Amino acid sequence: MLVQKIGITGTIASGKTYVSSLLKKRGFPVFNSDQYARMATHAQNPCFAPLAELLGSSVIDEQGDIDRRKMAAIIFNDEEKRLKVNEIVHPYVIAGMNHFFDSNKNRSLVFAEVPLLFEAGLETYFDKILVITCAHDTAVSRMMNDRGYKRTDAEERYNSQLDPEIQKQKATDVIYNDSDKNALEEEVNLWLRKIRNEGRHGN
């Protein structure tokens, strides 16, 4: 059986994780790179010591793990440290993703949700890349309403990502999510039908 590895990425607050949950609900295996990266901040993880050395003792929480919010605040404002964190964490995540793919060799479709897929240069790991996107105003509103961001913080987060137009250009397929969850689910169903047909016809 030929396994299709499909990456899910896209605009901030576009609904990537909800799309992943819909795929899981339908029985598809989905690797979540953010969840796996969280493991790197735990004290028992091999990434922990180099991260703690890089970021300093102030990021260690009461459980002895790295506080992800404090780490995010540091690297959001320090490009050099952000790149060094990526050098530590990305190989660990990629190894986990490859192991996940190997564990699902008997499946025709295997997915990985990777928010920074393009930024990390991971395009070659996938047969197809699905970009979930939404309008600027939609993303900012969701960050304010769902995540409690102030408008200035939401705008800053939005502007820090890879240009959504570039994301769309790099994608195999694009789903627009500017409506509600029911509309998004319908779009996902249509897209699944399309890629299954392509798989049957060898495209």
Side-chain angles (χ1 to χ4, degrees), residues 7-21 24 29-101 103 111-126 129 131-134 136 139-164 166-167:
I8 301 167
T9 192
T11 317
I12 190 167
S14 61
K16 299 179 292 292
T17 300
Y18 186 68
V19 169
S20 293
S21 73
K24 285 180 185 173
V30 184
F31 177 84
N32 185 303
S33 68
D34 272 359
Q35 285 180 2
Y36 204 83
R38 272 190 205 103
M39 292 161 57
T41 62
H42 295 158
Q44 296 78 20
N45 193 280
C47 297
F48 175 85
L51 285 174
E53 186 179 349
L54 172 68
L55 300 169
S57 59
S58 65
V59 300
I60 309 300
D61 65 18
E62 292 174 358
Q63 286 74 44
D65 299 327
I66 290 170
D67 185 313
R68 285 174 56 82
R69 281 180 176 271
K70 289 182 180 177
M71 180 174 78
I74 290 170
I75 65 177
F76 190 73
N77 297 301
D78 188 327
E79 180 67 5
E80 188 179 346
K81 281 188 176 168
R82 185 184 71 80
L83 293 172
K84 285 180 179 174
V85 165
N86 289 346
E87 284 175 12
I88 295 166
V89 176
H90 282 180
Y92 172 74
V93 174
I94 291 167
M97 184 174 74
N98 283 332
H99 177 72
F100 184 84
F101 288 157
S103 301
F111 298 89
E113 181 189 339
V114 188
L116 299 178
L117 191 155
F118 297 125
E119 293 88 335
L122 303 183
E123 293 97 319
T124 57
Y125 288 85
F126 302 99
I129 297 172
V131 161
I132 314 298
T133 195
C134 63
H136 166 272
V140 169
S141 294
R142 285 176 182 156
M143 281 187 273
M144 292 169 64
N145 295 331
D146 302 340
R147 305 181 189 183
Y149 286 168
K150 294 176 182 173
R151 179 172 287 279
T152 51
D153 293 334
E155 293 280 2
E156 195 175 4
R157 289 288 190 280
Y158 186 90
N159 293 329
S160 71
Q161 69 183 340
L162 181 67
D163 186 333
I166 294 174
Q167 293 184 33

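Index from 1, following the sequence. If you're wondering where the values come from, they're calculated on a predicted model, not measured in any experiment.
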Listed partners of Tyr18 passing ring pair (Phe, Tyr, Trp, His ring centres under 6.0 Å), at least two apart |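 Tyr18 satisfies ring pair (Phe, Tyr, Trp, His ring centres under 6.0 Å) with no residue once adjacent residues are dropped.
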Measure from the side-chain N and O atoms of [X] to the backbone N and O of [Y], and report whether any donor-acceptor pair falls under 3.5 Å.
{"X": "Asp78", "Y": "Ile74", "answer": "no"}
{"X": "Asn86", "Y": "His90", "answer": "no"}
{"X": "Gln167", "Y": "Val131", "answer": "no"}
{"X": "Thr9", "Y": "Pro115", "answer": "yes"}

For Glu79, enumerate each residue passing the salt bridge (charged side-chain N to carboxylate O under 4.0 Å, His left out) test, keeping only those at least two apart in sequence or located in another chain.
->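 Only Arg82 meet the salt bridge (charged side-chain N to carboxylate O under 4.0 Å, His left out) criterion with Glu79.
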Report the residues that fulfil salt bridge (charged side-chain N to carboxylate O under 4.0 Å, His left out) with Glu123, sequence neighbours left out, ordered by chain and then residue number.
-> Lys170
Yes or no on side-chain contact (heavy atoms from CB on, under 4.5 Å) for Asp61 and Ile66, after CA distance, side-chain angles and deciding distance?
-> CA-CA 6 Å; Asp61 65 18; Ile66 290 170; over 6 Å; no
About how many Å separate CD1 of Ile60 and CE of Met71, when rounded to the nearest 0.5 Å?
-> 10.5 Å
Give the ring-plane orientation class for Tyr36 versus Phe31, where under 30° counts as parallel, over 60° as perpendicular and anything between as tilted.
->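 Tilted: the ring planes of Tyr36 and Phe31 meet at 30° to 60°.
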Mind checking side-chain contact (heavy atoms from CB on, under 4.5 Å) for [X] and listing every partner two or more places apart, or none if nothing turns up?
{"X": "Lys70", "answer": "Val59, Asp67"}
{"X": "Glu119", "answer": "Leu116, Leu162"}
{"X": "Asp163", "answer": "Glu165, Ile166"}

Should Val114 and Tyr125 count as side-chain neighbours, where that means a heavy-atom distance under 4.5 Å?
-> no
Please tabulate, one pair per line, all N/O donor-acceptor pairs under 3.5 Å involving side-chain atoms of residues 39-54, not counting sequence neighbours.
residue, atom, partner, partner atom, Å
Thr41, OG1, Arg38, O, 2.6
Asn45, OD1, Cys47, N, 2.8
Asn45, ND2, Met39, O, 3.1
Asn45, ND2, Tyr92, OH, 2.9

I need the minimum non-hydrogen distance between [X] and [Y], along with the two atoms involved.
{"X": "Met143", "Y": "Ala154", "value": "CE-O, 3.3 Å"}
{"X": "Gly7", "Y": "Phe126", "value": "N-CD2, 3.3 Å"}
{"X": "Ala139", "Y": "Ala13", "value": "O-CB, 3.8 Å"}

For side-chain contact (heavy atoms from CB on, under 4.5 Å), just list the numbers for Asp34 and Lys16, CA-CA rounded to whole Å, side-chain angles, deciding distance to a tenth of an Å, and then say yes or no.
-> CA-CA 12 Å; Asp34 272 359; Lys16 299 179 292 292; over 6 Å; no
Which residues pass the side-chain hydrogen bond (donor to acceptor under 3.5 Å, both in side chains) test with [X], not counting sequence neighbours?
{"X": "Lys84", "value": "Glu80"}
{"X": "Asn32", "value": "Glu113"}
{"X": "Thr133", "value": "Thr11"}

Sequence neighbours left out, what pairs pass side chain to side chain donor-acceptor pair (under 3.5 Å) with at least one residue falling in residues 148-159?
->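 Applying side chain to side chain donor-acceptor pair (under 3.5 Å) to every pair that reaches into residues 148-159, excluding sequence neighbours, yields His136-Glu155.
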Could you go step by step and tell me if Val19 and Phe111 meet the side-chain contact (heavy atoms from CB on, under 4.5 Å) rule?
-> CA-CA 11 Å; Val19 169; Phe111 298 89; over 6 Å; no
